[in-house]
Amino acid sequence: MKTVLNALLFCLIMLPAILMAQSTVTGTVTDKANAMPLPGVNVIIKGTARGTATDFDGKYSLEVNQGDIIVISYLGYTTQEIEFIGQASIDIVIEEDASQLDEVILVGYGSVKKDDLTGAADLIKSDDFNQGPLVSAQQLISGKIAGVSVTSGSGSPGDGQNIIIRGNGSLSLSSNPLIVLDGVPLDGGGVGGSRNPLNLINPNDIESMTVLKDASATSIYGSRGANGVIMITTKKGKDTDFRFSATTSTTVHTSIDRVDVLSADQFRDIVNSHPNANAATIALLGNSNTNWQDEIYQTAFGQDHSFSALGSAFGVPMRVSLGHSDHDGNLIGDNFQRTTASLNLSPKFFDDHLKFDISARGNYTENTFADRGAIGNANSFDPTQSVYDPNSQFGGYFSWIDASTGQQPNLAGTNPVALLNLRDDSSEVRRYILNAKADYKLHFFPDITATISTGIDKSNSNGRTLVSDLIPTSDLTWNGSRNTYSNISTNQLFDAYFTYTKSIKDVHNINAVAGYSYQSFEYDNFSYDSEAEEDGNDFEFIDKSKNVLLSYFGRLNYDYDGKYLVTATLRADASSKLNPDDRWGYFPSVALAWNLHNEDFLNASNNVNELKLRVGYGEVGNVNGLGDYLFLTRYSGSESTANYQFGNSFYQTYRPDPLNEDLKWEIGNTFNIGIDYSLFNRRVSGSVNLYQKQTKDLIASASVDPFTNFGSQIEKNIGDMQNRGVEFTLNLIPIRTDDFEWSINYNISLNENEITDLPFVQETGGISAGTGNNVQLHTEGEAPYSFYVFQQVYDTSGKPIEGAFVDRNGDNVINDADKYIYKDPYADILMGLNTNLSYKKWDLAVVTRANIGNYAYNDVSAGNSYLDGVIPTTNNFLSNLHSSYLDNGFVNQSNENTFLSSHYIEDASFFKIDNITLGYTLDSAIKDVSLRLYGSVQNVATITDYKGLDPEITGGIDSNFYPRPRSFVFGVNVDF
């Protein structure tokens, strides 16, 4: 009892001291440039989560203790620290921090101040990334940047993303941008068994992504930057005490869409009334009502976890992270698992003259691939049959039986559930990237910094496809199969360059870079085919290749008094893919900019924070996606099913491949005019760009005269193409108070893509409807991949008339001469509208997108909506129909022209609500701990007139698409 009394007495004695030590300080925060109060400025006690924000009038009030350090921070302004020593009021004046705003703009082999940027580039920071169940890095910026289209390949977890910047840049080569990860240009090809090359990066490790668009910004990368550049910067360590971050989330992926096919009852009616049906045909009908799509799709679950620590140990800033993702797909049996780890060290020596940036990043991915053939089979399999048959010889799964062979009839569809359960397709992919960069500011000449950067990006995969001997098949000798493969990809980089930085009398500012780069790509592929071995054929396939890119580059940046800017760049690339006479390509660029806001007539303006005019021109080359050594005679071995038989033995033969000794670079010339603006204390900002890109010497497949080469088709420089367009970005902060802030990002781009020179038409765009049909072509005067079809004739009620097409040339005969160009698959207009609201501790983000003017060929409907398709060949199996048959009443699919009707080209314009995220932050419940809870919905809604599953189809041909799910996420982020 005495102890308790003494404790109470001690508290009573100390209470006045405690009360006296804690005080309230008030004040106003203003902008130095215009003496205007700043709302929303953070005013916190250093090392704690205690703090406040200024109100609309820039005022604040804060409880402080003697000796506390008050930290005042605001985006775009210099952070200040003030010690509290009893002041009753502290008024604070802060000024814009140019370095904070500028140094984050990365360009090749260095960075520039935002004021000094002359090219077209957009920066997205981690705070502005898309949220939700995002497995791939590309998804972080979807809809965020004008002129950038990001389309997922399917609804499978971790699947690849197709990125196009400012339209297609080639006909047969890659149109995807170069991805640069912390200075290392990545090999975008990936290895076998890999869903997406960028799955190696945990999105939580990414600090920012910079998109370089025009040639004046990308030409420093030469041929690698022909289609734009995306520079990914990962989070680095800091010279502070260690801070930790942990995130965890659980996702439910729901399957929301189904192809509209006939129900079991509708199908029975069709069969019973079919003109070719007899008693034997009708007897094939079953007694079940099976929705085969419901049988192959499931509600799937996923989880993501990550942990990171950053700080300084032994004087070395560092960051360590671990991550794990595990997502099932909606298609039964589909699964993606990934484990990532990264380490970054940033030591400095000799008074910061020598700096290192060392990073190691690795990932291990396990993939289980569901058989996507089940999607098409589910759309066409007889809905009156049950999934299982206890008398079936095929593992208990229902199958059609040919009475003469006892096997599945030829051309009959296979039970889709059997396809999923009796086939095992899996792989393991290991990938690591090691890179080290050393910057040495010369002691004897500190204006020059020498940089050496090395990196290795290595992937290896192992996979196998095992098919059970119980799977339904028409092959009488079927005994199951086993196919295995292993792939190794090695990308090695060495860069060395000097950077000269000099300011003369604070008026003439020079930054010059000159350097050398060497990058090699090696591939070692092996596969094994058990079926070939059983047939006595060669069963192993070995493929090794290598190509090298050697480069010299230089760049000069000059600005006069921060007002007039010039950037000149030259890169020389030599690619081993081209013959020695045409191997070297020289890619120059020049850009000019005028910072009007630094002129006297605007410098004192309270309303104009930034106003810059830009103009640039540059050239870039492209051989990305071109095969290796096509200018040399090469030999290919015959496939296992086409070996030469001599007696009872089979021998692999070798044949020379076609070659072209005259291949040279595709060259793209880009002209860009732009305006960057920021107004009203940066409450309104954005940019406008107008561009035109002329691509000449397009590489595409061309026919050659018989007996002049070792084949009938070669890759050849044969054409020209043009892209031109307009981009507009607007960032608004309509409301900013001490409790509430609302920000809006809107971007819109218009692009026109046209082939301006092509000596002959090239058909492309294969479809499943019919046999060997193409529905697209490349031709002069039109957009690439334009649809090439017959013009459908409709009756007075708007119903298509079967087999009736417009005789466009008036010769009273319907043939290929009557085909015409009708639309193309790429949107004329791309839009993104994103909004963020925060009220006290609540935050809400909504991400939406729109594509206008894109069209799609509905291959699902075209190939499966004819009455005679119900009984395809004989009376031993049946096939379901697409419900469009009920509308068009088409009967005969023997006329191949019917598949090439404009009726199947549909307007696929859309508006999508991609994501809605609601979060709540607890930053004072636990000392020095910030906890954020959030819920998110991905793929919320799609508004479109397109009749297929999803209007967003890469390439424009909708053929049994793996539907994208609607995903619900609950997550927790903890920083401590």
Side-chain angles (χ1 to χ4, degrees), residues 100 103-111 123-127 129 134 136-137 140 179-186 197-210 230-247 304-325 338-350 352-365 430-441 449 451-459 491-495 973-976:
Q100 181 181 348
E103 63 186 12
V104 295
I105 304 295
L106 295 179
V107 292
Y109 309 102
S111 60
L123 171 70
I124 301 293
K125 297 182 179 180
S126 57
D127 291 342
F129 286 159
L134 305 178
S136 303
L140 298 172
I179 307 293
V180 180
L181 176 62
D182 289 333
V184 178
L186 301 182
L198 278 187
N199 282 341
L200 87 152
I201 311 171
N202 184 341
N204 288 310
D205 287 342
I206 299 177
E207 179 69 30
S208 66
M209 298 176 72
T210 302
I230 297 180
M231 305 188 68
I232 300 176
T233 303
T234 59
K235 297 173 182 176
K236 305 293 192 297
K238 296 181 180 180
D239 192 12
T240 61
D241 294 336
F242 268 94
R243 298 288 297 174
F244 305 92
S245 178
T247 67
D304 297 279
H305 313 286
S306 65
F307 175 82
S308 66
L310 67 84
S312 179
F314 309 105
V316 178
M318 63 178 60
R319 183 179 186 271
V320 180
S321 74
L322 295 171
H324 180 73
S325 297
R338 176 186 61 193
T339 301
T340 62
S342 70
L343 170 66
N344 175 264
L345 305 173
S346 305
K348 301 177 182 180
F349 304 96
F350 309 125
D352 294 348
H353 273 260
L354 180 61
K355 300 178 182 180
F356 289 93
D357 190 357
I358 303 168
S359 65
R361 185 176 308 279
N363 88 318
Y364 174 69
T365 303
R430 301 161 187 84
R431 186 174 185 181
Y432 65 83
I433 295 181
L434 307 176
N435 64 293
K437 178 184 174 186
D439 293 310
Y440 174 51
K441 182 185 292 186
T449 299
T451 301
I452 293 178
S453 179
T454 63
I456 181 170
D457 172 10
K458 189 158 189 172
S459 304
N491 166 16
Q492 299 181 82
L493 172 74
F494 176 81
D495 289 337
N973 298 343
V974 183
D975 296 309
F976 57 97

* Structure fact -> Rounded to the nearest 0.5 Å, the CZ atom of Arg430 sits from the NZ atom of Lys458 at a distance of 13.0 Å
* **Listed partners of Tyr432 passing side-chain hydrogen bond (donor to acceptor under 3.5 Å, both in side chains), at least two apart** => none
* **Inter-residue atom distance Leu493.CG - Asp457.CG, 0.5 Å rounding** => 10.0 Å
* Structure fact -> The reported gap from CZ in Phe976 to OG in Ser245 (rounded to nearest 0.5 angstrom) is 8.0 Å
* Asked: Do Met209 and Leu140 come close enough that some side-chain heavy atom pair is under 4.5 Å?
  -> yes
* Provide the closest heavy-atom pair for Asp495 versus Gly183 in the form atom of the first, atom of the second, distance. => OD2-O, 4.5 Å
* Who passes salt bridge (Lys or Arg N to Asp or Glu O under 4.0 Å) against Arg338, sequence neighbours left out? -> none
* Asked: Is the shortest heavy-atom distance from the side chain of Val320 to the side chain of Phe307 under 4.5 Å?
  -> no
* **Minimum heavy-atom distance between Gly237 and Leu310, given as atom pair plus value** => CA-CB, 4.4 Å
* Heavy-atom pair with the smallest gap, counting every atom of Phe356 and Ala438 -> CE2-CB, 3.6 Å
* Structure fact -> Residues at least two apart in sequence or cross-chain that pass side-chain hydrogen bond (donor to acceptor under 3.5 Å, both in side chains) with Thr451, listed by chain then number, are Asp439
* Asked: Should we count NZ of Lys238 as having more than 12 external heavy atoms under 6.0 Å?
  -> no
* For Lys348, all residues meeting side-chain hydrogen bond (donor to acceptor under 3.5 Å, both in side chains), sequence neighbours excluded -> none
* Asked: Taking C-beta and beyond as the side chain, do Ile124 and Phe129 meet within less than 4.5 Å on heavy atoms?
  -> yes
* To do: Answer yes or no: are there more than 12 heavy-atom neighbours, outside Lys441 itself, under 6.0 Å from its atom NZ?
  => no
* Please lay out, stage by stage, how Leu186 and Ile232 fare under the test side chain to side chain contact (heavy atoms under 4.5 Å, CB included). => CA-CA 11 Å; Leu186 301 182; Ile232 300 176; 5.9 Å; no
* Asked: How about Arg431 and Thr365: do any of their side-chain heavy atoms sit closer than 4.5 Å?
  -> no
* Asked: Going by heavy atoms in the side chains, are Thr234 and Leu181 under 4.5 Å from each other?
  -> yes
* Asked: Shortest non-hydrogen contact from Lys236 to Asp357?
  -> CE-OD2, 3.4 Å
* Asked: Shortest non-hydrogen contact from Ala360 to Leu434?
  -> CB-CD2, 3.4 Å
* **Approximate separation, where rounding is to 0.5 Å, of Leu200 CG and Ser342 OG** => 10.5 Å
* Asked: Do Asp182 and Thr233 have side-chain heavy atoms sitting under 4.5 Å apart?
  -> yes
* **Pairwise side-chain contact, Ser346 with Asn344, heavy-atom cut-off 4.5 Å (strictly under)** => yes
* To do: With rounding to the nearest 0.5 Å, note down the distance linking NZ in Lys125 to CD1 in Ile206.
  => 15.5 Å
* All side chain to side chain contact (heavy atoms under 4.5 Å, CB included) counterparts of Asn973, not counting sequence neighbours -> Thr247, Arg932, Tyr934
* Asked: For Asp205, which residues count as a salt bridge (Lys or Arg N to Asp or Glu O under 4.0 Å) partner, sequence neighbours excluded?
  -> Arg319, Arg361
* **Spacing of CG belonging to Asn204 relative to OG belonging to Ser306, to within rounding of 0.5 Å** => 3.5 Å
* To do: Would you indicate whether Asp241, at its atom CG, is surrounded by more than 12 heavy atoms from other residues, nucleotides or ligands within a distance under 6.0 Å?
  => no
